[in-house]
Amino acid sequence: MSFRNFFASARVFALISFFALSGFLGAPSPASALTGAATARDGNSIQLGDVTYRLDGVDAPELDQVCIDDHADAWTCGIEARDQLTKLIKGRVVRCDDVGPEKSFGKRHRAICTAEGDKSTLNEQLVRLGFAVAREPIKANVKPAAAEAKTAATGIWKGCFVAPQDFRAGKKDGTLLGAACRPDRDKEIRAVLFPEELTMPPSCSIKGKLAVRARVTGNIGIYHLRGCPSYPATTRPDRWFCSEDDAQAAGFRKAYNCRRPK
């Protein structure tokens with residue numbers, strides 16, 4: 001081998017080594033899509049296997065969130081939103097296309113999900129039914145469906161509610177939304193939407209409290225597990241969660257004096 005050929009081969013080897021070490025060559029790329037049996041975790045979260053996606057462009061009421069219907073009665077709109085998503089899935093295989101990480105909290109990714117046999121995405125269908133509002137999307141185009149739901153006063157739009165993000169933040173002065181909101185009943189409506197004692201959803205016994213001190217760790221609150229010393233002392237929780245993963249995805253950290261019960 002001539003010196004020139006040896007030098008050329010060495011340059012090629014060096015380039016290959018550089019790209020490999022830099023992650024450009026040989027590094028496994030994350031799956032862009034996942035297909036399988038799906039479970040609705042809540043109104044805007046779908047679990048496929050051990051992966052939970054948040055529906056891109058969709059913000060549904062939380063499981064512990066209360067809304068007011070068109071008869072001025074309180075109802076568990078968050079549970080209904082989850083049940084509506086379950087009905088849309090109908091036990092079918094679902095394909096979720098990963099469109100990027102969730103920017104708020106947790107390690108979940110956003111996705112555009114479609115049930116087998118459907119032309120419309122689950123993202124779009126849930127918003128059109130009025131059981132979720134549009135949020136800033138990465139790729140999902142749900143704004144036309146959101147406008148239709150609001151105009152037709154379907155789902156939560158037929159009554160009165162606060163945006164899920166305002167509920168999560170405990171923003172009691174958030175904008176009232178829906179066809180049945182009455183300015184002359186503002187105080188009474190807010191008392192219903194933000195009750196002093198939030199009802200625990202079925203099988204969701206983890207208590208969450210909004211806390212300024214949690215911001216030190218980049219969170220908005222602290223959660224307490226049943227059986228932990230801090231659990232009985234935590235009265236009137238601001239949130240209820242069904243799992244630690246849900247609590248962490250909502251921006252809550254575990255209480256320091258709380259360990260998983262044996």
Side-chain angles (χ1 to χ4, degrees), residues 39-55 58-67 74-83 85 100-111 132 135-136 161-174 190-262:
T39 301
R41 290 282 293 268
D42 55 36
N44 47 227
S45 300
I46 289 182
Q47 183 170 339
L48 275 67
D50 58 353
V51 178
T52 300
Y53 291 109
R54 187 179 180 100
L55 294 177
V58 175
D59 203 6
E62 299 295 332
L63 289 177
D64 51 351
Q65 187 170 347
V66 175
C67 299
W75 63 300
T76 52
C77 52
I79 293 177
E80 182 61 28
R82 179 199 60 191
D83 293 347
L85 182 55
E102 172 63 64
K103 295 180 180 179
S104 299
F105 301 104
K107 299 178 181 180
R108 295 178 181 175
H109 277 221
R110 296 189 189 185
R135 72 186 297 231
E136 180 185 355
F161 65 100
V162 293
Q165 64 180 6
D166 286 342
F167 173 78
R168 289 191 293 270
K171 190 177 179 181
K172 297 183 180 181
D173 60 348
R190 294 181 188 280
V192 173
L193 299 180
F194 292 95
E196 290 188 6
E197 294 191 16
L198 196 62
T199 301
M200 183 187 81
S203 304
C204 301
S205 61
I206 298 176
K207 296 178 180 180
K209 289 287 285 187
L210 297 169
V212 174
R213 66 180 182 277
R215 296 175 186 172
V216 175
T217 53
N219 301 103
I220 63 171
I222 300 169
Y223 70 86
H224 309 263
L225 300 173
R226 188 187 294 275
C228 295
S230 56
Y231 191 87
T234 304
T235 58
R236 297 183 177 180
D238 298 307
R239 297 294 314 279
W240 290 98
F241 299 107
C242 306
S243 69
E244 288 192 71
D245 182 53
D246 291 339
Q248 292 164 9
F252 287 67
R253 67 160 175 81
K254 184 189 292 187
Y256 290 140
N257 68 347
C258 189
R259 297 292 181 267
R260 183 181 295 277
K262 296 181 180 179

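If you're wondering where the values come from, they're calculated on a predicted model, not measured in any experiment.
Asp42 and Leu85 make their closest contact through O-CD2, 3.4 Å (heavy atoms, listed as atom of the first residue, atom of the second, distance). Residues Val58 and Ala132 come closest through the heavy atom pair CG1-CB, 3.5 Å. Scanning all heavy atoms of the two residues, the minimum distance from Arg108 to Ser45 falls at NH1-OG, 3.7 Å. Contact detail for Cys242 and Leu63: the closest heavy-atom pair is SG-CD1, 3.5 Å. In terms of heavy-atom proximity, Ser230 sits nearest to His224 at OG-ND1, 2.8 Å.
Look at Arg168 and Asp64 and you find no salt bridge, because none of the NZ, NE, NH1 or NH2 atoms lies under 4.0 Å from a carboxylate O.
Side-chain contact between Lys254 and Cys228: absent, with no pair of heavy atoms (C-beta onward) separated by less than 4.5 Å. Inter-residue side-chain proximity for Glu62 and Arg239 is flagged as met; some heavy-atom pair is nearer than 4.5 Å.
Checked against ring-ring contact (aromatic ring centres under 6.0 Å, His included), Phe167 has no partners two or more places apart in sequence or in another chain. When the side chain to side chain contact (heavy atoms under 4.5 Å, CB included) test is applied to Ala81, the partners found at least two apart in sequence or on another chain are Ala60, Pro61, Phe131. For Arg41, the salt bridge (Lys or Arg N to Asp or Glu O under 4.0 Å) partners two or more places apart in sequence, or in a different chain, are Asp245, Asp246. Residues forming a side chain to side chain contact (heavy atoms under 4.5 Å, CB included) with Ala169 (at least two apart in sequence, or on another chain): none. Applying the side-chain hydrogen bond (donor to acceptor under 3.5 Å, both in side chains) test to Asp238 and every residue at least two apart in sequence or in another chain returns nothing. Here Arg190 pairs with Asp186 under the salt bridge (Lys or Arg N to Asp or Glu O under 4.0 Å) rule; sequence neighbours left out. The side chain to side chain contact (heavy atoms under 4.5 Å, CB included) search around Lys171 returns Asp166, Asp173, not counting sequence neighbours.
Note that CZ of Arg253 and CG of Asn219 are 7.0 Å apart. Values are rounded to the nearest 0.5 Å. With rounding to the nearest 0.5 Å, the separation of CD in Glu102 from NE2 in His109 is 10.0 Å. Here the CG atom belonging to Asp59 is positioned 5.5 Å from the CG atom belonging to Asn44, to the nearest 0.5 angstrom. Between Glu136 atom CD and Gln165 atom CD the span is 10.5 Å, to the nearest 0.5 Å.
Looking at Gln47, its side chain does come within 3.5 Å of a backbone N or O of Gly49 through a donor-acceptor pair. When atom types are taken as modelled, the side chain of Gln65 and the backbone of Phe161 share no donor-acceptor pair closer than 3.5 angstrom.
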Could you list the donor-acceptor pairs under 3.5 angstrom formed by side chains in residues 195-213, with sequence neighbours left out?
residue: Lys207; atom: NZ; partner: Tyr231; partner atom: O; Å: 3.0
residue: Lys207; atom: NZ; partner: Thr234; partner atom: O; Å: 2.9
residue: Lys209; atom: NZ; partner: Arg236; partner atom: O; Å: 3.2

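A centroid separation of less than 6.0 Å is found between the aromatic rings of Phe241 and Phe252.
For residues 74-83, the pairs satisfying side chain to side chain donor-acceptor pair (under 3.5 Å) are Glu80-Gln84, with sequence neighbours left out.
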